[in-house]
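Presented below is the structure to which this report refers.
Remember, it's a predicted structure, so these values are computed and weren't measured experimentally. Here is the naming used below: chain letters follow the sequence lines, and residue numbers restart at 1 for every chain.
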Amino acid sequence: DTGVSQNPRHKITKRGQNVTFRCDPISEHNRLYWYRQTLGQGPEFLTYFQNEAQLEKSRLLSDRFSAERPKGSFSTLEIQRTEQGDSAMYLCASSLGGTDEQFFGPGTRLTVL
Amino acid sequence: AQTVTQSQPEMSVQEAETVTLSCTYDTSESDYYLFWYKQPPSRQMILVIRQEAYKQQNATENRFSVNFQKAAKSFSLKISDSQLGDAAMYFCASQGGSEKLVFGKGTKLTVNP
């Protein structure tokens, strides 16, 4: 297994457009996490899934954000009507569960013009 | 709520010498975990070391060790025999009561040859 993968690696969009990111976790991992990292800050938790169930969402996840993991494998994070403040690195991680190590992907860097 | 504070935005060390990165945290959980993650430039985040709060013995992984002071809520990382490849952002993180990781703002470590 090659680890957690994320696509695209970079996305440039104009304000007001919708964007969608994809995360493919390590195959046997049932937990999948999304974090956002802005410049000069540590990652901030957005949401996580156990299989296809979304178990926790941060207050950071506004109505414009939606995440899915329809078959308990890959996940998508969609941002509608993007704003300049959405510019950040979006990180995905996966784990076997609970307090097991979270393995991170390389991230998707979003730039909103 | 959990908080993690890293008071050193940047640190530098000479190759082969020892450096200590500081971290303090706050949590109301009685059962929690602490982590140090490394994020090399343009590369994904990897786990360096983890500590279960109920364990009194400090965790060690090769050249990396922690000084866990539970009463003081302090969790510092010591890197011995520093190598050029240790240059990276280092993030302290906590996990307790939820599967999400709460990160500090990070410390940028430079290793001078």
Side-chain angles (χ1 to χ4, degrees), chain A residues 1-7 9-10 21 23-26 29-51 53-61 67 69 88-109, chain B residues 1-10 21-25 27 29-55 59 61 64 75 77 88-109:
Chain A
D1 192 281
T2 56
V4 178
S5 62
Q6 294 187 245
N7 288 287
R9 295 291 307 277
H10 302 274
F21 311 140
C23 172
D24 287 87
I26 293 172
H29 287 183
N30 62 70
R31 302 297 211 276
L32 188 149
Y33 308 83
W34 285 100
Y35 294 85
R36 181 173 70 184
Q37 185 177 21
T38 54
L39 203 60
Q41 303 292 321
E44 295 173 292
F45 170 78
L46 293 177
T47 188
Y48 89 92
F49 294 84
Q50 178 180 334
N51 298 312
Q54 189 173 17
L55 296 188
E56 187 175 351
K57 292 195 293 186
S58 163
R59 292 189 308 272
L60 293 175
L61 214 64
R69 194 182 182 196
M89 178 75 84
Y90 290 83
L91 298 172
C92 176
S94 70
S95 80
L96 286 169
T99 57
D100 288 333
E101 178 181 351
Q102 294 185 19
F103 292 83
F104 282 81
T108 294
R109 182 170 295 283
Chain B
Q2 297 178 70
T3 60
V4 175
T5 302
Q6 293 180 250
S7 59
Q8 305 156 317
E10 296 187 26
L21 308 184
S22 301
C23 172
T24 57
Y25 64 94
T27 180
E29 301 293 332
S30 57
D31 188 18
Y32 56 92
Y33 297 78
L34 298 167
F35 307 83
W36 279 97
Y37 276 87
K38 171 185 178 182
Q39 189 177 41
S42 301
R43 294 182 62 187
Q44 57 213 73
M45 197 166 316
I46 58 173
L47 179 65
V48 175
I49 198 165
R50 66 178 263 164
Q51 173 83 41
E52 292 88 345
Y54 63 86
K55 289 187 177 179
E61 288 287 343
F64 299 86
F75 183 62
L77 174 70
M89 285 292 293
Y90 285 82
F91 293 96
C92 180
S94 69
Q95 183 186 54
S98 163
E99 294 190 18
K100 69 182 180 187
L101 295 171
V102 176
F103 288 88
K105 290 187 176 183
T107 296
K108 181 180 180 181
L109 178 66

**Fill in**
The interface call for Arg109(A) against chain B, heavy-atom contacts under 4.5 Å, is neither
**Message:** I'd like to know which of Asp100(A), Leu91(A), Thr99(A) tops the heavy-atom pair count under 4.5 Å against chain B.
**Reply:** Thr99(A)
**Message:** What part of Arg50(B) gets within 4.5 angstrom of chain A, counting heavy atoms only: side chain, backbone, both, or neither?
**Reply:** side chain
**Proximal component of Phe103(A), with respect to chain B [non-hydrogen, under 4.5 Å]** = neither
**Request:** Tell me, out of Gly98(A), Gly97(A), Gly40(A), Gly107(A), who's got the most heavy-atom pairs with chain B below 4.5 Å.
**Result:** Gly98(A)
**Request:** Mind listing the closest non-hydrogen atom pair of Gln41(A) and Phe91(B) along with its distance?
**Result:** O-CE2, 3.8 Å
**Prompt:** Does some side-chain heavy atom of Tyr37(B) sit less than 4.5 Å from a side-chain heavy atom of Gln102(A)?
**Reply:** yes
**Request:** For chain A, find which of Val4(B), Val102(B), Leu101(B) contributes the most heavy-atom pairs closer than 4.5 angstrom.
**Result:** Leu101(B)
**Fill in**
To the nearest 0.5 Å, atom CD of Glu44(A) lies from atom NZ of Lys100(B) at 10.5 Å
**Request:** Assess the side chains of Gln50(A) and Glu99(B): does a donor N or O sit below 3.5 Å from an acceptor N or O?
**Result:** no
**Fill in**
Rounded to the nearest 0.5 Å, the CD atom of Gln37(A) sits from the CE atom of Met89(B) at a distance of 7.5 Å
**Prompt:** Given a strict heavy-atom distance threshold of 4.5 Å, which part of Gln39(B) is in contact with chain A: side chain, backbone, both, or neither?
**Reply:** side chain
**Prompt:** Are any non-hydrogen side-chain atoms of Met45(B) and Pro43(A) less than 4.5 angstrom apart?
**Reply:** yes
**Fill in**
Glu101(A) and Leu47(B) have their tightest heavy-atom pair at OE2-CB, 3.3 Å
